[in-house]
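Working notes, beginning with the structure itself.
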Amino acid sequence: MSLDTPKFSDFDALYDAENAKVATEMYEDPDLFKEEMDRIFKKTWVWVAHESEFPDKGSFKLSQVGLDPVIVVRDRKGKIHCMVNRCRHRAATVCEVKQGKTSSFQCPYHGWGYGLDGSLRAVPYPEQYGDDFDKSQHGLLKLRTESHEGMVFATFNEDAEPLVDFLGPEVCRYMTLFMKQGGGFPVKVLGEHQFQVPMNWKVQLENTTDAYHFPIVHKSFMQTLDEKTEDLFAFMDKNEGWVEDLGNGHSIMMMMPSRADLDDRLDDPIEPRFEWLAEEIRKEGYSEEQVKKIVLAVGGPGFNMNLFPNVSFSLSFFRVLTPIAVDKTDIRHMALGMDGGPKIANQTRLRLHEHFQGPMGFGSPDDAEVWERVQRGTQGGEELPILVNRGIVDEEPGVMGPRGHVSSETGMRAAYKMWKRMMEQEA
Amino acid sequence: MTEMSKLDPKALLADVTEFLWQEADILDRKDYDAWIDLWLKEGIYILPIGDGEDYENQLNLCYDDDKMRRMRVDRFKRGFSISSAPAADTVRTVSRIVIESAEGDVIKLRAAEHLVEDKFGRQRMWAADLFYTLRKTDDGFKLERKIAKLLNSDGMLNSFSYLF
């Protein structure tokens, strides 16, 4: 191999799409990880925040786009900006508060001050920079920022297609359905569970539309549910659901088609497990129609949707992945509630979230364990492929791409197809 | 004048220390049935996130009433949870005990906990502030409320296969 041959040119060897085989290096090679950060995370739309995290003018939070730390902030006119957390003078971070409210960002080192839109406003003792110093050229490095259904995405790529085109019509349609769990109120982020897993980011990317693992990994969670609820999760046996490639690496796992659109269920009787909750909400003076809508919303919709490359909608929460290193990934599970909805409904949502999610949930620790076991397993048998071919035998055409059995690995194939498309483009 | 001044503060400190050390030992040995027995039925066990204290209306790492506490312990014991079969081994110390109040049968105190976990040949260290409400009964102290606030509760954590 000559020195000017790029190390990564044979992407077919890394992901064999025809046979749906993933090479071990995909989880293990630090050089490949760097390429992914350049060719994927610097090029595409990356989820950074939810609009409810910025209730006021000046509300901000820290986030990350690939390996770049960014600040996401709402300015005085209500517009949301995303910019790299690095002073244009000597590179110090201008903000180390995770979330809060401010009127400006000031570098602690030499006092350069930036507005909420990232523009450079003030430079102490500017005379030594001369008359031709142009402040407008020294604002914080801005990313393009666009939102859809309250989800805020940013990209370094000025040439990227508009966000809604990247998401595509089917993703946009399902996003609208997902947000119906606001129960007539705006969806609000109530808090987040954060945990780091010693795994490559793609191990997580594969997981959210993987139904095959659910009855195995989450057996101990299922055992803590009552029979009715347990039955709700028996989607593997019913053969009603499906997994579908929604284009651009996105995929949906429809576990309970009857709960795809919560509005279709408004005439159903209230589930016995939530009868007590309905009674509590009635006491607060809501109409019977609202009570039904809110109780349905508490139960959440019946699908998971994975967006390439870093966010997914998982029944009733957002799951965000942040690559840290080739074998290290940060995971955030964001609990959602109803902004202005009944207190008891939001409390119930919080307790349900704590039941499954996070470092002490009855589900997430088991997910984290098997993800780490994948990373540990790939230390051996380097020449063996990772198989994502399940369900390829009986896939049928869907709206945007193939649709397979609910336990098929169609979603993983969708993600790896996009991975390859992006990696084959020059950085 | 609180009742504390009527008690012998050193004797009370010795009594609660004995209880906290007994609980720490139970948790390291994962003798969860014995741990459940330390609780009053109405007791609440909380691992909060951040500095908020409106636990009922905020997201916590766990917010366990009697039912959730029993389910949690049951999940650990049954052996179907891959993350707790086997669980990480732990060694912990509880110290820096400060009694905040002792009124009637109710004693409120805080303490420091250091815990080291070992799994997959890797050790991780955690520190937590513990806040207890104990009730004195004929059967010794019982837990009415226990809040274990990790030093980095709002930071990036790992999953836990044991209790704090």
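Convention: sequence-line order gives letters A, B, ...; per-chain numbering from 1.
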Within a radius of less than 6.0 Å around [atom1] of [X], do more than 12 heavy atoms belonging to other residues, nucleotides or ligands occur?
| X | atom1 | value |
| --- | --- | --- |
| A:K343 | NZ | no |
| A:W276 | CH2 | yes |
| B:D51 | CG | no |
| A:K188 | NZ | no |
| B:R29 | CZ | yes |
| B:K142 | NZ | yes |
| B:E18 | CD | no |

Got a second to check how far [X]'s [atom1] is from [Y]'s [atom2], nearest 0.5 Å?
| X | Y | atom1 | atom2 | result |
| --- | --- | --- | --- | --- |
| B:Y55 | A:Q347 | OH | CD | 15.0 Å |
| B:F80 | A:Q223 | CZ | CD | 5.0 Å |
| A:N346 | B:N57 | CG | CG | 8.5 Å |
| A:E354 | B:N60 | CD | CG | 4.5 Å |
| A:H218 | B:I82 | NE2 | CD1 | 12.0 Å |
| B:K77 | A:S220 | NZ | OG | 14.0 Å |

Side chain, backbone, both or neither: which part of B:R72 has a heavy atom under 4.5 Å from chain A?
->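 Both parts, heavy atoms under 4.5 Å.
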
Checking heavy atoms, do the side chain of B:D154, its backbone, both or neither come under 4.5 Å from chain A?
->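 Both parts, backbone and side chain.
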
Could you have a look at A:G191, A:A368, A:P365 and say which one has the most heavy-atom pairs with chain B under 4.5 angstrom?
->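 Option with the greatest count: A:P365.
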
Top residue by heavy-atom pair count (under 4.5 Å) with chain B, among A:I216, A:L190, A:D330?
->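 Of the options given, most contacts go to A:D330.
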
When you check the gap from the basic side-chain N to the acidic O, do [X] and [Y] get nearer than 4.0 Å?
| X | Y | answer |
| --- | --- | --- |
| B:R75 | A:D366 | yes |
| B:K119 | A:E369 | yes |
| B:E56 | A:R351 | no |

Pick one of side chain, backbone, both or neither for [X], based on which atoms fall under 4.5 Å of a heavy atom in chain B.
| X | result |
| --- | --- |
| A:E192 | backbone |
| A:H193 | both |
| A:R349 | neither |

Applying a criterion of heavy atom separation less than 4.5 Å, what residues of residues 155-164 of chain B form contacts with chain A?
->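 Against chain A, the residues of residues 155-164 of chain B that fall inside the cut-off (heavy atoms, under 4.5 Å) are B:G155, B:M156, B:L157, B:N158, B:S159, B:F160, B:Y162, B:L163.
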
Determine whether A:F362 and B:M71 make a side-chain contact, defined as any pair of heavy atoms from C-beta on separated by less than 4.5 Å.
->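 Yes; the side chains approach each other to less than 4.5 Å.
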
Can you tell which of B:G50, B:C62, B:S81 has the highest number of heavy-atom pairs within less than 4.5 Å of chain A?
->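 When all of B:G50, B:C62, B:S81 are compared, B:S81 has the most.
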
